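The structure presented is a predicted model; accordingly, all values stated were derived computationally and were not measured. Quick note on labels: first sequence line is chain A, next is B, and so on, each numbered from 1.
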2 protein chains.
Amino acid sequence: MNNKTCSLQTLRRLPYYLYYLRNADQEHVSAATIAREFKLNEVQVRKDLATVSKTGGSPRKGFNKVELIRDLEDFLGYKNMNDAVIVGVGHLGKALINFKGFEDYGINIVLGFDKKVKKEESIGKTKILPMVKMENLVERMQIKLGILTVNKESAQPVCDRMIRAGIKAIWNFTPHMLKVPQTVLVQNENMATSLAVLSQHLKRDIQKETPAAE
Amino acid sequence: MNNKTCSLQTLRRLPYYLYYLRNADQEHVSAATIAREFKLNEVQVRKDLATVSKTGGSPRKGFNKVELIRDLEDFLGYKNMNDAVIVGVGHLGKALINFKGFEDYGINIVLGFDKKVKKEESIGKTKILPMVKMENLVERMQIKLGILTVNKESAQPVCDRMIRAGIKAIWNFTPHMLKVPQTVLVQNENMATSLAVLSQHLKRDIQKETPAAE
DNA sequence: TAGATTGTTAATCGATTAACAATC
DNA sequence: TAGATTGTTAATCGATTAACAATC
């Protein structure tokens, strides 16, 4: 069992490695190759891999791809599927439900809830139910992961309800900064953050024409 | 004109401050208040604000809300709207086009392109056109920002076409690691990264029941 | 005035990078 | 064997936090 911890930075890089490995066709992959692919420092990748790999790599060859994939999946907890519910089935909610590929990340959206839904609907294999059914089902099915795609006005009240029902981790797509107890983790997927980086680049772009001397 | 630069970390925090201020109703806001709201260190917020604020805050009162909002918007480049195109109008693309609120971040999605679209369609005010029209229009309208929501197989080729047409910043929603020239910025919106943090929390959760002694 | 708050300089902390020995 | 590659210890770098003087 791999119980090592790693820094948040490392944790964020790991899915990239995993994606690369899953699409690679060599039998062995070296840290140097991965570093080149993602324009990262070689030592950094080596350290990252050292924390997740159980067998370690071999000099001259690198890491066995299949083993390393397994170790990454295990470390990231992708092995035992996490059931998730999604609350707020608007455009974004629908897009997430339709997104093929969550399974690759150990996520299984089992149910959706929306206040506008009056009686059971379906999107693919996912059932969409009225909000009133939420607490009961989350509790009974012992679901720990909630995806929040309601509008910002409903964000906090809906979040509170999810937590009361037993949700332990919330993937928050609203711009609202949720107030939660310490035991609950909120992962903000904040568009504004990315946009800030992009606008900044576009803004500076004009000035970059004349690079600073020395 | 505010040409100061700031660290990437700071840049990422700024949109949060802006959101908070836009929804605040006091006339003055102190760094301490903001720090409390986002559970950040007070000095950190003070420093962040110091880099963007032109007039600075006043002792005892804090920052004038309206001025600070203006300074943040200016610093982030939200003042002069960035026109953007979106390529790939599937579920996610549609969700982004329908997302009200990009205007708050200085982004204006003017056109969408999709290979499945044969003749002009519309989603709200946004026109969706066939892929073949892309290069020509991006070039003529001098659009610098592209949102990439195609499937991973098309990601690189479509990205190349966008760059050839003059796109300088790409908001990449595909899991593919795009290869781009140095002058082009790619901002990855990678679901896998967030999911890694969430799964990790859920996985560790079980072990946390018994906290380590000392 | 007193004290809340700003802005800044110095200390700390953590993550990245460099250097290098170990190994197949 | 030689050398590519791993894994680790030490040095560097940058960001966060602490301490404090300035000010309304």
Side-chain angles (χ1 to χ4, degrees), chain A residues 2 4-17 20-21 24 26-72 75 193 196-197 200, chain B residues 2 4-17 20-21 24 26-72 75 193 196-197 200:
Chain A
N2 203 330
K4 271 186 247 178
T5 46
C6 69
S7 75
L8 189 62
Q9 305 305 323
T10 296
L11 184 55
R12 287 193 171 128
R13 284 189 293 267
L14 297 180
Y16 284 96
Y17 305 161
Y20 174 78
L21 292 167
Q26 317 89 296
E27 199 180 322
H28 284 81
V29 181
S30 78
T33 317
I34 296 179
R36 229 174 294 124
E37 171 75 13
F38 297 106
K39 300 206 178 86
L40 294 172
N41 182 287
E42 200 181 307
V43 183
Q44 190 169 59
V45 177
R46 224 143 69 209
K47 272 197 169 173
D48 288 348
L49 296 184
T51 46
V52 294
S53 173
K54 283 164 198 156
T55 50
S58 15
R60 291 253 334 140
K61 290 198 291 183
F63 292 79
N64 177 286
K65 188 186 74 176
V66 176
E67 274 177 21
L68 190 50
I69 290 177
R70 198 165 44 217
D71 292 346
L72 275 163
F75 188 93
T193 317
V197 180
Q200 191 72 187
Chain B
N2 202 328
K4 269 185 246 177
T5 46
C6 69
S7 77
L8 188 62
Q9 304 306 321
T10 296
L11 184 56
R12 287 194 171 127
R13 284 188 295 267
L14 297 181
Y16 285 97
Y17 305 161
Y20 175 77
L21 292 167
Q26 319 88 295
E27 200 179 319
H28 284 82
V29 181
S30 78
T33 317
I34 297 179
R36 229 173 295 124
E37 171 75 11
F38 297 106
K39 302 208 180 83
L40 294 173
N41 181 286
E42 200 181 306
V43 183
Q44 188 170 60
V45 177
R46 225 141 71 206
K47 271 198 170 169
D48 288 348
L49 296 183
T51 47
V52 294
S53 173
K54 283 164 197 157
T55 50
S58 15
R60 292 247 342 135
K61 290 199 293 184
F63 293 80
N64 177 285
K65 189 187 73 177
V66 176
E67 275 178 20
L68 190 51
I69 289 177
R70 198 167 42 219
D71 291 347
L72 274 164
F75 189 93
T193 316
V197 180
Q200 191 73 185

Should we count CD of A:Glu27 as having more than 12 external heavy atoms under 6.0 Å? no
If you find the nucleotide of DNA chain C closest to A:Asp48 and the one closest to B:Val43, which residue's nucleotide is nearer the 5' end? B:Val43
Pairing string of DNA chain D (Watson-Crick or G-U wobble, both atom distances under 3.5 Å; | = paired to other strand) is ..||||||||||||||||||||||
Which is more 5' along DNA chain D, the nucleotide nearest A:Gly56 or the one nearest B:Arg60? Just name the residue. A:Gly56
Nearest-nucleotide wise, let me know which of B:Ser30 and A:Gln44 is further upstream toward the 5' end of DNA chain C. B:Ser30
Mark yes or no for whether A:Gln200, through its side chain, and B:Phe75, through its backbone, hold a donor-acceptor pair below 3.5 Å. yes
Spatial distance of atom CG (A:Leu68) from atom NZ (A:Lys54) [nearest 0.5 Å]: 11.0 Å
Give the first and the last nucleotide of DNA chain D, reading 5' to 3', that has any atom under 4.0 Å from a heavy atom of chain B. D:dA15 to D:dC24
With nearest nucleotides of DNA chain D determined for A:Gly62 and A:Lys47 from heavy-atom distances, which residue corresponds to the more 5′ nucleotide? A:Gly62
Any donor-acceptor pair under 3.5 Å from A:Lys65 side chain to A:Ala24 backbone: yes
Atom pair CZ (A:Arg36) and OG (A:Ser30), whose distance is rounded to the nearest 0.5 Å: 6.5 Å
So A:Thr193 and B:Tyr16, do their side chains get closer than 4.5 Å, heavy atoms only? yes
Atom OG1 of A:Thr10 and atom CD of A:Gln44: how far apart are they, to the nearest 0.5 Å? 7.0 Å
Relative to the ring of B:Tyr20, is the ring of B:Phe38 parallel (under 30°), tilted (30 to 60°) or perpendicular (over 60°)? perpendicular
